[in-house]
A.B. asks: 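Take this structure, written in structure tokens, and hold onto it; I'll ask about it next.
Every value quoted in this text rests on a predicted model; they were computed, and no experiment measured them. Residue numbering restarts at 1 for every chain, and letters A, B, ... go by the order of the sequence lines.
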Amino acid sequence: MDLMEKNLELVEIQKLEGHTDRVWSVAWNPVSSHADGVSPILASCSGDNTVRIWEQSSLSRSWTCKTVLEETHTRTVRSCAWSPSGELLATASFDGTTGIWKNYGSEFECVATLEGHENEVKSVSWNASGSYLATCSRDKSVWIWEGLEGNEYDCAAVLSEHTQDVKMVQWHPTMDVLFSCSYDDTIKVWWSQGDDGEFECVQTLGESNNGHSSTVWAISFNAAGDKMVTCSDDRTLKIWGTDIARMQSGEEYVPWTHLCTLSGYHDRTIYSAHWSRDDIIASGAGDDAIRLFVDSKDDSVDGPSYNLLLKKNKAHDNDVNCVQWSRSEGDQLLASASDDGMVKIWQVATKP
Amino acid sequence: MSMLYTVMILKKVLESELWFTVLHRKIKPLAVEARLRNREKKKMTLGLINANPVVQAKKERLVRTQPDQYRDDGVDPLDIYEYVRDIRDPEHPYTLEQLSVLSEESVTVDDQLDRILIKFTPTVQHCSMATIIGLCLRAKLKECLPLHYKVDILVSPGSHADEDSVNKQLNDKERVAAAMENPNLRQLVDECIYSDEI
């Protein structure tokens, strides 16, 4: 049944309190879910310089804070990312370092600290296999790190083509292609030829390619990896696409093209966008609201178009900084982080 | 005099790049202070961006007699102006109001959406203190306003050579947050917003 035909709402499952400053970002552990027999785990990072790990009890179904990762970062922790195996958590901080934490069951230990950026690290992302880590910073550069034996990390590349503060990095879900978005209003694509090739910027999506006209805050891919959504200070969401089959089969890079722009739905900066496994795009914005969009499935010649599925007003008491769908099959949960210091867990449900 | 030292440190940074690139790691306060002490002997005022600001007399504080036309739980722009008019300029021992950086017309409020817009006028076109003033406004209002209010800060159109660049920085909350974690900037901002009545 078409999602648009159902009368859906976003139901707040629980509010997670504990952080003493704004919460910038949340990340679901990719491995844990009730289906695996493991409790779902969520990490949140904050302006209080800590990361909190939240776990859902399989008995009571309520979320509690399992542990607090503190006394490592000396400034805001801006973003965090779990490795694909779920064993490691990388944390990006305004103190210029990236922490690598190992999950020892009930405890987390900081096993490595990546230094090199000249100032605040804004984002961190693992590639699909967990062999590469990417970080970006206000120093305008994107760094690629390679994990070695014994918790050592080597810097594999320093990519300096953005002309301003880089806000987020995101690896493609299936291929070792890296995407970054920036205060310079562009999205850059980094690709390396063959196995031994150097990473280089193979495409820049700017205003001339129907790109954004202000800071691009986030990038998110659909499950198939042939589409991505970007969100910006220009108050639009943009959908981009590529011929993924051609790219995966051949040796050459296939450019991304603009498919569609969602404008007029947001009147403040959009800080986050995330594409769920069942094709719902969630956005978090500076007007305290969360919005969900779906493909209208209108087979128009001009390309895909998207409809607003629902808008949750006052989802938080302040700006929504991050929205993330859980990875588990079945019941899709949405986690959100806000300037109000809260993390909230939501579920999409049919109205009674 | 320590505030002037801080200003000089910042001025050096501002001359090289827009102030957001202040790297706390690269600032060596002791060495800079030594240089400043030497320079002090050669008349510090020569280093100021705007050595001769136009200063207006302090305005009378009017007691408002007409009924409050805004809803009871709303915010009156003049109340907001009261919070910010006495913020001290980072360079000169005068308030932003005395230097005409702010006036009653600087503040507008959208009551429906709980949004506040502040437009300020830097004293000179190339004022590198513009972003500091913006930071001071944000810091002061953060303390005084209920959390859900959205604040946008702009320079008055045409009043600054790098208008778009300054506006973009002042309204990027991540950049503002990072800047406020910089101890030197935080100290300067605190001195401006907590200065006693002149």
A.B. asks: Among B:S106, B:S103, B:S156, B:S159, which residue satisfies the side chain to side chain donor-acceptor pair (under 3.5 Å) criterion with B:T121?
C.D. replies: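 For B:T121, the side chain to side chain donor-acceptor pair (under 3.5 Å) test succeeds with only one of B:S106, B:S103, B:S156, B:S159, which is B:S156.
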A.B. asks: Verify the distance criterion only: is there a donor paired with an acceptor across the side chains of A:S141 and A:W143 at less than 3.5 Å?
C.D. replies: yes
A.B. asks: Side chain, backbone, both or neither: which part of A:D139 has a non-hydrogen atom closer than 4.5 Å to chain B?
C.D. replies: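 Interface part for A:D139: neither.
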A.B. asks: Would you say the side chains of A:D234 and A:H212 form a donor-acceptor pair under 3.5 Å?
C.D. replies: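 Distance-only check passes for A:D234 and A:H212.
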A.B. asks: Does a side chain donor of either A:H73 or A:N49 reach within less than 3.5 Å of an acceptor in the other side chain?
C.D. replies: no
A.B. asks: Consider only side-chain N and O atoms of A:N321 and A:R78, and report whether a donor and an acceptor are under 3.5 Å apart.
C.D. replies: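 Result is no, nothing qualifies.
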A.B. asks: Start with the C-alpha gap between A:L205 and A:M228, add the side-chain angles, then the distance that decides, and say whether side chain to side chain contact (heavy atoms under 4.5 Å, CB included) holds.
C.D. replies: CA-CA 12 Å; A:L205 301 172; A:M228 71 176 173; 3.6 Å; yes
A.B. asks: For the residue pair A:D184 and A:H162, confirm or rule out a side-chain donor-acceptor distance under 3.5 Å.
C.D. replies: yes
A.B. asks: Just checking, A:K188 and A:F179: is the charged tip under 6.0 Å from the six-membered ring centre and within 45° of the axis?
C.D. replies: no
A.B. asks: For chain B, which residues from residues 264-272 of chain A lie under 4.5 Å away (heavy-atom distances)?
C.D. replies: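 Heavy-atom contacts from residues 264-272 of chain A to chain B are A:D267, A:R268, A:Y271.
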A.B. asks: Considering only heavy atoms, which portion of A:N318 lies under 4.5 Å from any heavy atom of chain B: side chain, backbone, both, or neither?
C.D. replies: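 Interface part for A:N318: both.
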A.B. asks: Look at A:D165, A:D317, A:D233 and state which one has the largest set of heavy-atom pairs under 4.5 Å with chain B.
C.D. replies: A:D165
A.B. asks: Quick one: of A:W217, A:Y183, A:W24, who has the most non-hydrogen atom pairs under 4.5 Å with chain B?
C.D. replies: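 Going by pairs under 4.5 Å, I would pick A:Y183.
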